[in-house]
Amino acid sequence: MVIDDTTPTISANPQVVRTELTPAQRTLDAVLQPRSVAFIGASNKPNSIGAELFRNLLRYEFQGPVYPVNPRERAVFGVRAWPDVREIP
């Protein structure tokens, strides 16, 4: 028995090559590979979902800017918080 553990590449399968993204692909790209994140509900409250999820964004070093949004906080884990998503630059 022979097991093929090779991974297809662009040169191995030229039908997969696309030069332009469709609108649906661009939408998915923006969702799956964002350049920045506005986190509505980020919190300093221990054990809250807003604190845990925001801490994970920081812990795993998201590469773009992260904007915590919470009208009751000035900063969340040391990152300036915004009271409303419309106020983010």
Side-chain angles (χ1 to χ4, degrees):
M1 176 193 280
V2 176
I3 298 174
D4 182 9
D5 63 351
T6 60
T7 305
T9 63
I10 291 174
S11 60
N13 191 353
Q15 298 92 322
V16 183
V17 177
R18 291 186 181 101
T19 56
E20 294 182 29
L21 296 177
T22 66
Q25 289 167 321
R26 282 193 295 276
T27 299
L28 281 175
D29 192 48
V31 170
L32 299 175
Q33 298 177 10
R35 290 177 281 171
S36 62
V37 173
F39 190 101
I40 299 169
S43 174
N44 288 310
K45 184 178 176 183
N47 300 317
S48 70
I49 192 73
E52 295 302 318
L53 292 175
F54 190 72
R55 186 185 347 238
N56 284 338
L57 271 176
L58 299 177
R59 180 180 295 142
Y60 295 107
E61 300 177 5
F62 175 75
Q63 295 301 308
V66 179
Y67 303 102
V69 178
N70 187 323
R72 293 180 297 275
E73 303 280 0
R74 293 184 66 130
V76 177
F77 295 110
V79 180
R80 179 184 175 185
W82 300 87
D84 189 290
V85 72
R86 294 170 291 196
E87 295 183 33
I88 297 171

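- The two residues Glu73 and Ser43 have their closest heavy-atom pair at OE2-OG, 4.5 Å.
- In this pair, Phe77 and Phe54 present their aromatic rings parallel. The plane angle is below 30°, not in the 30 to 60° band.
- Summarising the geometry of Leu57 relative to Val66, their closest heavy-atom pair is CD1-CG1, 3.9 Å, with the distance given to 0.1 Å.
- Across every non-hydrogen atom of Phe39 and Ala42, the tightest pair is CD2-N, 3.3 Å.
- Listed here is the closest heavy atom pair of Ile88 and Ala38: CD1-CB, 3.7 Å.
- To the nearest 0.5 Å, the span separating CG on Asp84 from CD1 on Ile40 amounts to 8.5 Å.
- Separation of atoms CG (Leu53) and CD1 (Ile49) is listed at 4.0 Å; rounding is to 0.5 Å.
- Put simply, Phe62 and Leu58 are part of the same group of oily side chains (I, L, V, M, F, W, Y) that touch within less than 4.5 Å, one to the next.
- Take Arg55 and apply the salt bridge (charged side-chain N to carboxylate O under 4.0 Å, His left out) test, not counting sequence neighbours, and it matches Glu52.
- Between Val76 and Ala81, the shortest heavy-atom contact is CG2-CB, 4.1 Å.
- Rounding to the nearest 0.5 Å gives a distance of 12.0 Å between CZ of Arg74 and CH2 of Trp82.
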Self-check item: Derivation of the side-chain contact (heavy atoms from CB on, under 4.5 Å) call for Asn56 and Arg59
Solution: CA-CA 5 Å; Asn56 284 338; Arg59 180 180 295 142; 3.2 Å; yes

